[in-house]
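What follows is a single structure, written as structure tokens, with notes after it.
Values below: every heavy atom of this structure, side chains too, minus hydrogens, waters and symmetry copies. All values reported here derive from a predicted model rather than from experimental measurement.
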Amino acid sequence: MAGGAEPGPEALDWQGRPLRCQDCPHEDLQAEGRCDLGRACVLDRRGKRIDRFFSRNPDLAAAYLDHPYFEVRALAAKHASVFLIGRLRDDPEPEVRAMVAFQLPLARAGSMREDPDRRVRMAVAQRLSGRDLVPLLGDADYAVRLAAARRAPPAALLLLARDPEAEVRRAAAARVVPEALMAFAADPDPLVRRAAAGRLPAPRLVALIRDPDMRVRHAVAERIDPRHLAPLLADEVPAIRETASRRLAE
């Protein structure tokens with residue numbers, strides 16, 4: 001660690017004790033610019049400072065995989081060899097397991113989709129692809145289902161038409177195959193219906209032309225076959241009338 005700390009929060013270890021370079025086993029690294037008290041220090045409690053240390057010293061990451069502070073273990077797992085971090089799949093801290101799920105080869109990380117913590121399952125959802133993501137569409141946590149909805153095969157997203165969370169249904173409506181969009185056109189959430197209106201084949205938009213939400217009707221006015229624009233020319237919302245009139249004049 002170099003002695004020139006950057007202005008900012010005091011350099012404290014993970015137990016709240018002030019840090020001093022002369023107490024550090026890596027004091028010799030500071031002359032080479034490989035550590036910097038208050039900025040790049042493996043003993044600091046702040047994650048950014050620990051990460052900077054390992055970025056400069058990845059060869060030391062393996063030595064910290066069993067450190068008592070979970071932030072150190074997680075960031076050591078980020079920089080250590082993937083051949084060494086597999087044992088952290090069962091770490092008691094979910095932050096560590098999530099980092100392992102990001103770093104391990106997919107063939108070894110895939111089974112972590114059954115981890116009890118959602119942060120780990122979300123990490124897996126961001127790496128899996130294709131049919132491997134389908135089981136996560138039924139996950140108990142909405143954030144995991146949402147992460148899966150953004151990457152799962154479009155043909156599988158019809159499974160989310162009755163999802164209890166509107167945000168998940170909106171993500172599904174934005175990607176589901178066109179043949180399944182009508183399942184989202186009658187959704188109780190107007191933003192789900194608007195997402196469907198933005199992708200439905202033009203002939204199917206007639207079903208939404210009298211939708212109670214102006215955002216849905218406006219999406220319809222922008223895409224519906226001009227032969228069906230007449231009801232929208234008398235809409236109570238000026239922007240919808242203007243859109244319908246403009247499209248008729250084109």
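A salt bridge is defined here as a Lys NZ or Arg NE, NH1 or NH2 lying under 4.0 Å from an Asp or Glu carboxylate O, and D189 with R169 fails to meet this definition. The residues K78 and D51 are annotated as salt-bridged, a charged nitrogen and a carboxylate oxygen being separated by less than 4.0 angstrom. Remark: R119 engages E95 in a salt bridge, criterion side-chain N to carboxylate O under 4.0 Å. Contact check on E242 versus R246 returns no salt bridge, with no Lys/Arg side-chain nitrogen under 4.0 Å from an Asp/Glu carboxylate oxygen. A salt bridge links R34 and D59; the closest N-O separation between the charged side-chain nitrogens and carboxylate oxygens is under 4.0 Å.
Using modelled atom types, one side-chain atom of R175 and one backbone atom of A149 make a donor-acceptor pair closer than 3.5 Å. R52 contributes no side-chain N or O that, together with a main-chain N or O of C41, makes up a donor-acceptor pair within less than 3.5 Å. For R170 (side chain) and L191 (main-chain N/O), no donor-acceptor pair under 3.5 Å exists by modelled atom type. With hydrogens and angles disregarded, no donor-acceptor distance shorter than 3.5 Å links the side chain of R118 to the backbone of V144. Side-chain N or O atoms of R127 include one that pairs as donor or acceptor with a backbone N or O of A101 at under 3.5 Å. Side-chain N or O atoms of R121 include one that pairs as donor or acceptor with a backbone N or O of P116 at under 3.5 Å.
Inter-residue side-chain proximity for L19 and C24 is flagged as unmet; no heavy-atom pair is nearer than 4.5 Å. Residues V237 and H218 form no side-chain contact, since every pair of their non-hydrogen atoms from C-beta on lies 4.5 Å or further apart. The side-chain heavy atoms of R194 and V216, taken from C-beta on, include a pair separated by under 4.5 Å. You'll find the side chain of S111 reaches within 4.5 Å of the side chain of R89, heavy atoms only.
Separation of atoms CG (L43) and NE2 (H67) is listed at 6.5 Å; rounding is to 0.5 Å. The CG atom of L60 sits 5.5 Å away from atom NE2 of H26, with the distance rounded to the nearest 0.5 Å. For the atom pair OG1 of T243 and CD1 of I224, the computed distance is 13.0 Å after rounding to the nearest 0.5 Å. From R150, atom CZ reaches atom CG of L157 across 12.0 Å, with rounding to the nearest 0.5 Å. The line from CZ of R223 to CG of L208 is 10.5 Å long, rounded to the nearest 0.5 Å. Taking CZ from F70 and CZ from R97, the interatomic distance works out to 12.5 Å, rounded to the nearest 0.5 Å.
Residue F102 places its CZ atom among more than 12 non-hydrogen atoms of other residues, nucleotides or ligands, all under 6.0 Å distant. More than 12 heavy-atom neighbours from other residues, nucleotides or ligands sit within 6.0 angstrom of CZ on R199. Annotation for Q126: atom CD counts as buried by contact number, over 12 foreign heavy atoms lying within 6.0 Å.
Looking at every heavy atom in both residues, D235 comes nearest to R217 through OD2-NE, 2.6 Å.
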Original post:
Taking it one step at a time, do R193 and D213 satisfy salt bridge (Lys or Arg N to Asp or Glu O under 4.0 Å)?
Top reply: CA-CA 9 Å; R193 300 197 302 276; D213 191 277; 5.1 Å; no

